[in-house]
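Computation of the quantities below employed the complete heavy-atom set of this structure, encompassing side-chain atoms and omitting hydrogens, waters and symmetry-equivalent molecules. To find a chain, count down the sequence lines: A is the first, B the second, and so on, and within it residues start at 1.
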Amino acid sequence: MARLENSEIARLFGEMADLLQIDGGDRHRVAAFRRAGRIIEGLPRPAEELLARAELDKIRGIGSGTVQRVKQMLRRHSCDELDKLRRKVGPGLREMLAIKGLGPTTVRNIHNHLGIESIDALEYAAKVGAIETMPRMGPGMAHKILAGIEAYRKRRGKIALSEAQRVGRRIVRALAELPEVARVELAGSVRRGKAAIGDLDLLVASSDPGPVSSRFQTLADVEEVLVRGDTRCSVRLHNQQQADLRVLPAPSFGAGLHYFTGSKLHNVELRKRAGRMGVKVSDKGVFSRDEVLIDPCPEEADVFRHLGLPWIPPELRENQGEIEAAERGRLPKLIEAGDLLGDLHMHTRDSDGSGSVGEMAARARELGHRYIAITDHSKALGIANGLDERRLAAQMQRVRKLDGELDDLRLLSGVEVDILADGELDLDPALLAQLDWVVASVHKWTNQDEATMTRRVIRAIESGVVDAIGHPTGRRPGKRDPYPLELEAVLVAARDHDVALECNGGPNRMDLGDVDCRRCRERGVAVVLDTDAHAPRHLGRHEFALAMARRGWLERQHVLNAQPWEVLAARRARRLRDHGDPAWRVAPTIVQVPVGFELADDEGEGEVGEVGEGGEVLVDAEDHAWVDVEPLEAVAAPVVTSKPDAEGEGEDSGAVEVAEVDASELEQLRRGLAAGVLDDALRERLSYWLMAGAEDPTLEQALSERGPNPLQVGFDLLSGS
DNA sequence: CTGGCGAGCCAGTCGACGCTAGAGCGTCG
């Protein structure tokens, strides 16, 4: 039997916990099932393997009971306890848990008081006011339930791409073993990479369909056979998905694959085009107007060729302009796995991940990543053991130390900081400014209205310390709708502040979705494709984010983590500069200034604070957010810079900036460049100048001495060494 | 159900919000 994956075992434990809770079982037992599921989900190796090595029960939280159940599950996709609970509770009650606002206890109460066992019955009860007759239930709950049912119906029957792929690929593997099968492919919306999948479509090339069909009907995943034919066969799977098999002869496999990959709208449009060209396209091949076969099309590209088009990647086949683009030779060169250089969102066991920083780094090196950012949760997410300032600062030290020991991987210290209800960040901005990479995400208070939520996210974008907004819409394909958010306004803010939006590749999220990725492209907002890995083995899992990005027409230049780290670092450095270093914004601040030192405020006028006896100045950071002061020792001459207005249009209005060639520094740079080996500081300075357009006349002078085009010299140095 | 403490029992992740009821329970992250 095909191997059962950890996540599927975890799901069975989750179901067991749900059913037991609805049944009124011991809550600690319920919690133990949930915990076991969570642990198995996060295991670094297949549970089957650990079981064989007798290591499974050594894991904290997994005892002998769990081991016995896992054994049964591996054998038959269920266990005695689960069978018993399923018989006792029934599927309707468990289905009710999918309605937002209904938990196991409420479902149990509704069942006990009103005898309700299905969503239809629940809807009726809510409409006629029966819900309100129950203790602790009122009109508010009834309304909530009805709204929840409506939302549930809209997305019903869909499952996440990851699960559809997993089951689909398992079926593909099983069918591929048959000698009668020449080729087998997943078609339909799975092949197009849609986030939420209705049915599975499987396509087989074979000259002997009978055995293929009967094998399909007897797969372990099959619950019930719906349509029983040789070349066409439909079944219902254990996960309640429908799977359709079609068997066709190998010479027309390409035509069939194209036809059954869809989308329907794409096919309709393509057939219209065929009509205009005097041919017909079907799943059997390309025909003349009078039904004479021109080409059965063994490959998909043959179909397109007859229509005068290049092959169009499946992800684009949604009739969203791809045919026209193909016609003009303007198809996007879609982002590919090989383009990605790093991963900028992952968790370790410092919060809710299962690997250490070192383990994550090791895996990233195996995968050939050039850089990764460790981004654990912040303290507002108590359930995930989120980091407070102290723990994050300590982690930063550890990460930086380890980074220093690695020469082939840049290990970045970051955080996934929660965006609080009002848009404040959950951690001190002064600390956030010291990190290499900051993802800001909404996890809590997700039921705000659209205006509040939008303002909240934009405020985080405007903070200046945030590099990317994590899973921006909060959606869970097939499970939960996005929270209300005016994405357009968020896009504008993100573009204005050089903040990227994340396309989170977590298999339950895939957020941003395809449409939103394309909006980013159109609005000029950078996208970053992350795995949100919670274990080392998740790090290779870029395919779901890639699916969304490709469906959103993204190319390499639209994706931030397809760029070298220097580009990203420069973006961050520039943004911090433009927003004023938040370290100075912790109000009020006392600073030391030398005698003769003159402070300039936002308008470039002097005197922003009272000068005390020792020359210290109390700066009211509320009113003078952009006052910039060098530490006493570092100030050789009474030079003061101040920041222009926060919007930062005009460079240095009223501010005095040192913008001259420094002779001693120049000499030092000359030596550094002549050596040909860039140290980190120089590399950073170089990329900052190159990518962010920062002024650096000294550097420019040094570079121009090494070639006619200082920009070129700079690029060569950066890429060459 | 699991793990800890002590050899059979006991306690079990945090915190906020909404709903209904006027403090508490259930849900959601």
Review point. For A:His28 and B:dG12, are the ring centres under 5.5 Å apart with planes inclined under 30°?
Key: yes
**Study point:** Distance in angstrom units between A:Arg29 CZ and B:dC1 P, rounded
**Key:** 4 Å
Check your understanding: Mapping A:Thr446 and A:Ile62 to their closest nucleotides on DNA chain B, which lands nearer the 5' end?
Key -> A:Ile62
Check your understanding: Taking CZ from A:Arg38 and P from B:dG12, how many angstroms apart are they, rounded to a whole number?
Key -> 16 Å
Between the protein and nucleotides 5-7 of chain B, are there any N/O to N/O pairs under 3.5 Å, and if so, what are the atom names and distances?
none

Check your understanding: Roughly how far, to the nearest 0.5 Å, is the CZ atom of A:Arg76 from the CG atom of A:Leu74?
Key -> 11.5 Å
Review point. Does a donor on one side chain sit under 3.5 Å from an acceptor on the other, for A:His111 and A:Glu117?
Key: yes
Check your understanding: Does a side chain donor of either A:Asp532 or A:His347 reach within less than 3.5 Å of an acceptor in the other side chain?
Key -> yes
Check your understanding: Between A:Asp532 (CG) and B:dG29 (P), how many Å, whole number?
Key -> 15 Å
**Study point:** Between B:dC14 and B:dG22 - C1' atom distance, rounded Å
**Key:** 26 Å
**Study point:** Nucleotide B:dC10, atom P - distance to CG of A:Asp26 in whole Å
**Key:** 13 Å
Point to revise | Interatomic spacing from CZ in A:Arg550 to CG in A:Asp514 - rounded to 0.5 Å | key: 13.0 Å
Study note, to complete from the structure: When rounded to whole Å, the CG to C1' distance for the pair A:Leu97 and B:dG26 reads 13 Å
Identify every side-chain donor-acceptor pair in residues 537-548 of chain A under 3.5 Å, counting partners at least two apart or on other chains, and give the distances.
from	atom 1	to	atom 2	distance (Å)
A:Arg537	NE	A:Leu43	O	2.4
A:Arg537	NH2	A:Glu41	O	2.4
A:Arg537	NH2	A:Leu43	O	3.0
A:His538	ND1	A:His534	N	3.1
A:His538	ND1	A:Ala535	N	3.3
A:His542	NE2	A:Leu529	O	3.1
A:Glu543	OE1	A:Arg169	NH2	3.3

**Study point:** Donor-acceptor contact below 3.5 Å, side chain A:Arg519 vs main chain A:Val525
**Key:** no
Review point. Considering only the P atoms, how many Å lie between B:dG6 and B:dC10, rounded to the nearest integer?
Key: 14 Å
Point to revise | Nearest-neighbour nucleotide for the A:Ala32 side chain, B:dC1, B:dG26, B:dG29 considered | key: B:dC1
Study note, to complete from the structure: Minimal heavy-atom distance between A:Trp437 and A:Ala468, with the atoms involved, is CZ2-CB, 4.1 Å
Point to revise | Whole angstrom value for the distance that separates P of B:dT2 from CZ of A:Phe33 | key: 8 Å
Point to revise | Nucleotide forming a Watson-Crick or wobble pair with B:dC5, both distances under 3.5 Å | key: B:dG8
**Study point:** P spacing across the pair B:dA16 / B:dA21, given as an integer number of angstrom
**Key:** 24 Å
Exercise for review: Report yes or no: is there a donor-acceptor pair, N or O only, under 3.5 Å between the side chain of A:Arg34 and the base of B:dT13?
Suggested key: no
Review point. Do side-chain atoms of A:Asp436 reach the backbone of A:Ser413 as a donor and acceptor pair under 3.5 angstrom?
Key: yes
Review point. Choosing from B:dC1, B:dG29, B:dG4, which nucleotide comes nearest the side chain of A:Arg69?
Key: B:dC1
Review point. Looking only at side-chain N and O atoms, does A:Thr105 come under 4.0 Å of OP1 or OP2 in B:dT27?
Key: yes
Exercise for review: Please state the P separation for the pair B:dA11 and B:dG18 - nearest whole angstrom.
Suggested key: 33 Å
Distances for protein N or O near nucleotides 15-21 of chain B N or O, under 3.5 Å:
from	atom 1	to	atom 2	distance (Å)
B:dA16	O3'	A:Trp445	NE1	3.2
B:dC17	OP1	A:Trp445	NE1	3.4
B:dT20	OP1	A:Gly138	N	2.5
B:dT20	OP1	A:Gly138	O	2.8
B:dT20	OP1	A:Pro139	N	3.3
B:dT20	OP1	A:Gly140	N	3.1
B:dT20	OP1	A:Met141	N	3.0

**Study point:** B:dG12 versus B:dC17 - spacing of their C1' atoms, nearest Å
**Key:** 24 Å
Revision key, fill the gap. Value for NZ (A:Lys379) from OG (A:Ser351), rounded to nearest 0.5 Å, stands at 14.0 Å
Exercise for review: Using a cut-off of strictly less than 4.0 Å, decide whether A:Thr66 has a side-chain nitrogen or oxygen near OP1 or OP2 of B:dT2.
Suggested key: yes
Point to revise | B:dC1 and B:dA7, which share atom name P, separated by this distance in whole Å | key: 23 Å
Check your understanding: Hey, is the main chain of A:Met346 close enough, under 3.5 Å, to the side chain of A:Thr375 for a donor-acceptor pair?
Key -> yes
**Study point:** Atom P, compared across B:dG15 and B:dC9: separation rounded to whole Å
**Key:** 33 Å
Practice item. Please report, rounded to the nearest Å, how far the P atom of B:dG29 is from the NE2 atom of A:His377. Key: 13 Å
Exercise for review: Give the rounded distance in Å between these two atoms: CZ of A:Arg27 and P of B:dC25.
Suggested key: 11 Å
**Study point:** Nearest-angstrom distance, P atom, B:dG4 to B:dT13
**Key:** 13 Å
Practice item. Rounded to the nearest 0.5 Å, what's the gap from CZ on A:Arg69 to CZ on A:Phe33? Could you check? Key: 4.0 Å
Exercise for review: Check whether any side-chain N or O of A:Arg480 sits under 4.0 Å from OP1 or OP2 of B:dG29, and answer yes or no.
Suggested key: yes
